[in-house]
Every structure is written in C-alpha cells, then in structure tokens.
Protein chains: 2
Amino acid sequence: MPRGECRGQGWWHGKFRGCGYRLTLGREAILEVLAKSEKHLSAEDIYMKIHPRHPNIGLTTIYRTLDVLSSLGMIYKLDFGDGRARYEFAEGPKGAHHHHHLVCTGCNRVVDYTDFIDEEVELLQQTEKGLGKKYNFKINNHIIQFYGLCEKCSGKK
Amino acid sequence: MPRGECRGQGWWHGKFRGCGYRLTLGREAILEVLAKSEKHLSAEDIYMKIHPRHPNIGLTTIYRTLDVLSSLGMIYKLDFGDGRARYEFAEGPKGAHHHHHLVCTGCNRVVDYTDFIDEEVELLQQTEKGLGKKYNFKINNHIIQFYGLCEKCSGKK
DNA sequence: TTGTTATTGAAAACCATTTCCATTAATAGA
DNA sequence: TCTATTAATGGAAATGGTTTTCAATAACAA
C-alpha cells in the first residue's frame, strides 16, 4: 500500500480496508480529533477530547489505534522528552506542511518551524541516500529537533 | 563553568567541585565505564558493568549520577525509541567525534555515522542561529536521527 | 578530627504503556 | 438480509523504566 494516495473526506476508508483493518467508530473519532486539533496531542489528551462524545472508548483503544495509524503512516509519533508520546496528523502526502520542532526544555512548549526546511530536506535526502547505500539501510524516517530555553524560561533562570 | 576545558586523567575533579558536586566513588566509576565502553549504554548496562567491582553501588545511584553528568554536559542522554534511555560519553570539547545516529527499528542496532557531518553541522548552526533569533530561544542542543531497517531486518520482512 | 550536608541504597511509589481475556461488532459470504 | 468469522474492544491487572522517600553514610571545609 503505497503511502500518499489520500485526500478528501473519508479517504481513510480505503486506507484501512486496503491493509486488512476494520473501520471502527473509535478509529474515525481519533483520526478526526488529530486532524482537527492543535498539534502534539498525547494519548490522554486525545482520550479527554473524545470521552465526552464517546464515553465508551477506552484509553487502551486509543493506544492501540494510535499504533495502527502510526504504522499506516497516517500520523506521526513524536517524543519531546517529557515521558509521554505525542501524536500529530500526517498532513497528506508530499510533505505539504513539512516541519520540525523546537522544544523548550523549561516549559515543554513546542514550536513548529519551517525555516530552513528546504535546505534541511535537501541535506536529509542526500544523507539518507548516502547512509542508505553505505550501511545498507532502508531508511524511512528521520528526526530533527532543537532543544533550548524559550524567552520566558531563559529569563526565570 | 564553561564547558570544554577538560582533558587528561582526572579532569573531572575540577568539573565536579566547580559546580558544588562532590567527587564520589560511584561517580568516578560510572564516568569511567562510559569513557571506556562501547557506546549507548543504558542505566542497567552500566549497573551490570559496575556491579562486579562495586557491588555496593545501586541502580538508584546510577540514575542519579547519570542525571548529574548529563546536566554537566559530560555525557549525552539518548533516546532510540526502545523505551530506555541510553548514555554516551561526550568526547571532550570541540565536537572532536561529533556524530549522529542511524537506528534500525527492527533490531535496535545503532550505527554512529559521521558522513555529511560537516554539511550537517553547518546547516545546524545556521538553523540554530536563525531559530534562536526568530523565536527568542536559547538553543543548546539538537537531535538528528535516521530510522530504518538494516540489511538483515529488511530481508526478514 | 569534627560538623555540616551532599550522597547513598533499598524499598516503595510512579506512571505511561501493554497485556489479558471475555465480550462486542465489522465485514464477507450465503 | 442474515450469519459466521474473527478483528477490535474495554476494564483490570501487569509491566518496566525511572523517581521518590528516608534513614544511614561519607565527602569536604574548617
């Protein structure tokens, strides 16, 4: 199932079915929350958002679904070093909103930046290709993150 | 305490003292293990290596010491996504052995690569400077990691 | 040598995530 | 539409890396 032929309402029907997954209420609800929401939600954040409307969807299901969505490439699993995973909607194919993260180690605020992205992407592709060949890796993902202190936290210190 | 004026046997004495830390057996033992060892040790790895010689050093102390060393910039705390932190000795100043990591998501093998490092470092510095100014961050760290499947794991599939 | 206080070890607590297992429900086929 | 199959679910319990607690110990300054 080549990633990326998705767009429009309900495109995920095919995505699920095509991979032998069933389309359930929970899965749709979670996808919807991630698609609409501010970014970087934790499993519990998602649970909280979904619970009022779907009180019968448990946290376990959230975790399981997030794994599925993540393995389908529909969402990204992120780690900002605060001990809980965060998830963000993978905005369609072709990296339309490709960005990386700038994390404040003081207050855990996260800034999505797109500055220098073109240069980054170019270097990443080059590196990916080089490394892949040299070490015989089939590379399919990368992380770039910057850590520091935001204005507020820098002052506090 | 400006990082980086360290070299030679026992340079850490000053590093510790200068920051109000005491120099203890445990701290030296842990530093030594990290300095000598293959890279990417987990807290428990370190515990196992130290235990035969120092059976009275507990895992708790390992964790506490790793925090201290990490906050002093003497070691790096790494996350390869397998649920446990790894640590690696910060090889002196000036990024003498600056490298990044290529992680196999199949078997968790980690390759340290230095290919394209110069280009990377240049871009990183540029980005760091740009982001720092634009978002008023005092950036002091970054991560770059590639994930994929190594030859073996790629075949298995 | 002595007093102060950072450091320690062991056990318990923490807490995000996973596993278990009996129940439910999505889907394919009749 | 109805039915059988089996993936998906939820609640409770387990997991496991890391942190906290607290009384005992030991590094260091004087």
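Residue numbers start from 1 in every chain, and the chains themselves are labelled A, B, ... in the order their sequence lines are given, proteins ahead of strands.
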request  = Identify whether any heavy atom of Thr60(A) sits under 4.0 Å from a base atom; if not, whether one sits that close to sugar-phosphate; answer base, sugar-phosphate or nothing.
outcome  = base

Starting from [atom2] on [N], measure out to [atom1] on [X] and report it in whole angstrom.
X: Leu66(B); N: dG17(D); atom1: CG; atom2: P; answer: 15 Å
X: Arg17(A); N: dA26(C); atom1: CZ; atom2: P; answer: 11 Å
X: Ile57(A); N: dA26(C); atom1: CD1; atom2: P; answer: 11 Å
X: Asp67(B); N: dA6(C); atom1: CG; atom2: P; answer: 17 Å
X: Asn56(A); N: dT24(C); atom1: CG; atom2: P; answer: 13 Å
X: Arg64(A); N: dA7(D); atom1: CZ; atom2: P; answer: 14 Å
X: His54(A); N: dT9(D); atom1: NE2; atom2: C1'; answer: 15 Å
X: Leu25(B); N: dT25(D); atom1: CG; atom2: C1'; answer: 13 Å

Does [N] have OP1 or OP2 under 4.0 Å away from a side-chain N or O of [X]?
X: Thr24(A); N: dT9(D); value: yes
X: Tyr63(A); N: dT17(C); value: yes
X: Ser42(A); N: dA16(C); value: no
X: Arg84(B); N: dG16(D); value: no

Base dA8(D) to side chain Arg22(A), donor-acceptor N/O within 3.5 Å cut-off = no

query = Side chain of Arg27(B): nearest nucleotide among dT8(C), dG17(D), dT17(C)?
reply = dT8(C)

message = Taking the minimum atom-to-atom distance to the side chain of Leu23(A), which one of dT18(C), dT27(C), dT7(C) wins?
response = dT27(C)

Residue pair Trp12(B) / Leu72(B), side-chain heavy-atom distance below 4.5 Å = no

request  = Could you say whether Asp82(B) or Tyr47(A) is positioned toward the 5' end of DNA chain D, judged by the nucleotide with the nearest heavy atom to each?
outcome  = Tyr47(A)

key: Backbone N/O of Ala85(A) and side chain of Ser42(A): donor-acceptor pair under 3.5 Å   = no

query = Hey, is the main chain of Tyr76(A) close enough, under 3.5 Å, to the side chain of Ser70(A) for a donor-acceptor pair?
reply = no

request  = Could you tell me how the ring of His100(B) sits relative to the ring of His98(B): parallel (under 30°), tilted (30 to 60°) or perpendicular (over 60°)?
outcome  = perpendicular

inquiry  = If we check side chain to side chain donor-acceptor pair (under 3.5 Å) with Glu88(B), which of these qualifies: Lys39(B), His99(B), His97(B)?
reply    = His99(B)

